[in-house]
Amino acid sequence: MDGEELTEQETALYDRQIRVWGVDAQRRLSKAHILVSGMKGTVVEFCKNIVLAGVGSLTLVDSREVTEEALSANFLIPPDENVYSGKTLAELCCDSLKDFNPMVRVSVEKGDISSFGGDFYDRFDVVVISSCSFATKKLINEKCRKVSKRIAFYTVDCRDSCGEIYVDLQNYTYSKKKLDETDECQLQYPSFEEAVTIPWRALPKKVTKLYLAMRVIERFEEAEGRNPGEISIADLPGVLKLKKELCDAQSFNESHVPDALLERLVSDTSEFPPVCAILGGILGQEVIKAISGKGDPLKNFFFFDAIDGKGIIEDISNPNPGS
């Protein structure tokens with residue numbers, strides 16, 4: 001991302017943004033290549049934000065067809081069924097995103113994202129995935145970590161009024177302004193697998209209950225062979241049973257994972273558009289920070305619950321790395 005300067009056309013188009021975060025940040029953004037998988041409501045919000053900001057290129061992966069649920073949260077799908085009939089979600093979103101900013105190269109990659117090799121991921125600076133299993137998240141994160149360059153990796157999920165963002169910037173260096181000085185800061189991020197398999201007893205005492213509830217739902221879907229979101233209120237007894245088993249195995253107090261919260265998460269797995277907008281906006285900001293190397297990034301989870309309107313950052317890292 002340290003190549004060409006901005007063109008006159010780019011400088012004119014992004015003038016207001018340049019005044020906010022500077023020419024260097026805009027230049028880095030305009031040369032960055034981003035991969036996105038899983039075109040759900042939150043990801044669509046992110047794509048809109050990052051395209052308007054002027055990213056270099058955006059590659060979309062999602063071979064699913066349009067469903068009624070997708071129509072409720074994905075504003076990039078044309079309202080005319082004749083237009084979207086026969087097209088995948090990625091193709092439809094690609095067509096719409098090109099209209100937001102013609103200077104951004106938006107394309108579609110076909111295939112199963114988990115089957116792509118390391119050389120494929122080496123083409124990108126940022127990878128964002130949603131709507132996939134724990135095993136797929138773990139696999140793609142591992143592939144991103146094995147390539148020769150540092151890839152910023154994100155997962156994002158929205159279930160009704162609750163949402164989660166996970167960030168892995170690996171060994172990340174960034175600039176932070178303090179008065180008239182600029183300090184160089186460094187953060188070491190755990191992998192996705194490390195962050196979600198830490199013993200619950202080793203977690204911060206006041207860790208958000210959403211972190212724990214999301215892990216229970218994730219484990220249940222994996223154990224049942226379900227795709228993310230393929231769960232309903234009929235599964236609540238099985239989810240509560242798994243919660244008890246996990247808590248017993250780790251000698252962890254069950255009250256820290258409220259039954260009422262789990263019931264909310266299984267009752268309605270569709271996305272709540274206002275929450276999508278919030279999560280997509282925050283994810284866009286975080287990706288711009290990672291690309292520009294300016295500003296404090298999230299480390300390493302962000303949670304939002306519309307019930308109380310709170311956004312919570314949780315640093316879930318192994319207290320004894322290497323042990």
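- Relative ring orientation between W200 and F252 is described as perpendicular, the plane-to-plane angle rising above 60° on a 0-90° scale split at 30° and 60°.
- No more than 12 heavy atoms of other residues, nucleotides or ligands shown are found within 6.0 angstrom of CZ on R219.
- Using modelled atom types, one finds no donor on one side chain facing an acceptor on the other under 3.5 Å when comparing E271 with S72.
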Intermediate values then yes/no, side-chain contact (heavy atoms from CB on, under 4.5 Å), K310 and F304: CA-CA 6 Å; K310 290 182 180 180; F304 181 79; over 6 Å; no

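- A distance below 6.0 Å separates the ring centres of Y166 and F192.
- Every residue two or more places apart in sequence or in another chain was checked for a side chain to side chain donor-acceptor pair (under 3.5 Å) with S63, and none qualifies.
- No side-chain donor-acceptor contact under 3.5 Å links S251 and R201.
- Only one option out of V61, I77, V108, T67 pairs with L89 in a side chain to side chain contact (heavy atoms under 4.5 Å, CB included); it is I77.
- Using a 4.5 Å heavy-atom cutoff, the side chains of E254 and K244 are in contact.
- Shown here is D15, whose CG atom has more than 12 heavy atoms of other residues, nucleotides or ligands within 6.0 Å.
- With values rounded to the nearest 0.5 angstrom, R215 atom CZ is found 5.5 Å from Y211 atom OH.
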Derivation of the side chain to side chain donor-acceptor pair (under 3.5 Å) call for N101 and Y14: CA-CA 11 Å; N101 188 348; Y14 305 127; 2.9 Å; yes

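- For the atom pair CG of L210 and CD of E164, the computed distance is 8.0 Å after rounding to the nearest 0.5 Å.
- Around CD of Q186, the count of heavy atoms belonging to other residues, nucleotides or ligands within 6.0 Å exceeds 12.
- A salt bridge links D305 to R264: one of the charged nitrogens lies within less than 4.0 Å of a carboxylate oxygen.
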Derivation and outcome, side chain to side chain donor-acceptor pair (under 3.5 Å), residues Y189 and N171: CA-CA 6 Å; Y189 285 74; N171 189 13; over 6 Å; no

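- Around atom CD of E65, no more than 12 heavy atoms belonging to other residues, nucleotides or ligands sit under 6.0 Å away.
- Residues S317 and K299 bring a donor and an acceptor atom of their side chains to less than 3.5 Å of each other.
- Judged purely by distance below 3.5 Å, without hydrogens or angles, the side chains of N300 and D168 never pair a donor atom with an acceptor atom.
- At most 12 non-hydrogen atoms from other residues, nucleotides or ligands lie less than 6.0 angstrom from NZ of K206.
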